[in-house]
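Written below as structure tokens is the structure these notes are about.
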Amino acid sequence: MRIATWNVNSIRQRQGHVERWLARVQPDVLMLQELKCEAVQYPGAAFEALGYRSLVVGQKAYNGVACLSRLPVQDVHTALPGLVGPDVPQARYVEVIADGVTLIGIYLPNGNSGGDAGYQAKLDWMQALRARAEALLEADADFVILGDFNVAPTDEDYAKGALSPADALARPATRAQYQALINLGLTDAIRALHPTGRVYTFWDYQAAAFQRNQGLRIDHALMSPRMAERLVAAVPDRAERGEEQPSDHVPVVFELA
DNA sequence: ATGTCGGCCTTTGGCCGA
């Protein structure tokens, strides 16, 4: 099974990139983030022509996630169970079962806007995600949570100067929540196969960040124990950042035996 | 050196979010 995640920073701007990438890489399932449009504006027919059905959770201007699959999917959720409060309508979560595996695509709140309340909403979201993971573990489900976590888990996960230590992507409370997810028994797929070193998935558009490799590792896959045993590859597709008019994130591909 | 994008409205430029 080949699964992938990609924050495309507007699907309308990146439709051609996604079409070319699907044809080349042919994942079974691709989770997209930051569609930045409502479902009615989503170019689903173009992806269907390539063999991919889309499950779209859209929102005007902001957020928006989709699950593209060439496998049949069932038991769909389009919101994070258990989340309450003003952010519930935000389009940040899609969950399906494909080939017996629960696949969860997320666009976790950035947390740098909206002041203290905005940051707290990020932590609350992470808490609700952990509760969902606990419920799936309790049910002995096989699952993978993948997407744009907006978390740089350690100091090795961003280039010097690419983030302020006070940034919501790297604050101690953010990292503690991420570690609490790991501590449930989940495996950070990239670090399982690449335990040290610079493995980035995002480079800012500003200040020639890609050319200087001033990147971040913020797009992740967390795998339940049996899925982690099947893991054979976890690779950010850096070449995509060098394309014309790229997203600021690259696709990340995970291979399961 | 607050330097780039994308989307939206306040709409041909400014604002927010990232």
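Taking the six-membered ring for Trp and thresholds of 30 and 60 degrees, Tyr178(A) and Phe149(A) have ring planes more than 60 degrees apart, a perpendicular arrangement.
Around the CG atom of Asp116(A), the shell of radius 6.0 Å holds no more than 12 heavy atoms that belong to other residues, nucleotides or ligands.
Remark: Gln177(A) engages Gln127(A), Arg130(A) in a side-chain hydrogen bond (donor to acceptor under 3.5 Å, both in side chains) (not counting sequence neighbours).
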At a cut-off of 3.5 Å, list every protein nitrogen or oxygen paired with a nitrogen or oxygen from nucleotides 13-18 of chain B, distance to 0.1 Å.
from: dA18(B); atom 1: OP2; to: Ser113(A); atom 2: OG; distance (Å): 2.8

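For the pair Lys60(A) NZ and dC8(B) P, the computed distance is 6 Å after rounding to whole Å. Distance CZ (Phe210(A)) to C1' (dG3(B)): 18 Å, rounded to an integer number of Å.
Nucleotides dT2(B) and dA18(B) place their C1' atoms 14 Å apart, quoted to the nearest Å. Going from the P atom of dC15(B) to that of dT10(B) covers 14 Å, rounded to whole Å. Taking atom C1' in both dG7(B) and dT12(B), one finds a spacing of 15 Å when rounded to whole Å. Comparing dT11(B) with dC16(B), their P atoms sit 16 Å apart, to the nearest whole Å.
In this structure, a donor-acceptor pair under 3.5 Å is absent between the side chains of Asn110(A) and Lys122(A).
Proximity of the aromatic rings of Tyr62(A) and Tyr107(A) is defined here by a centroid distance below 6.0 angstrom, and this criterion is not met.
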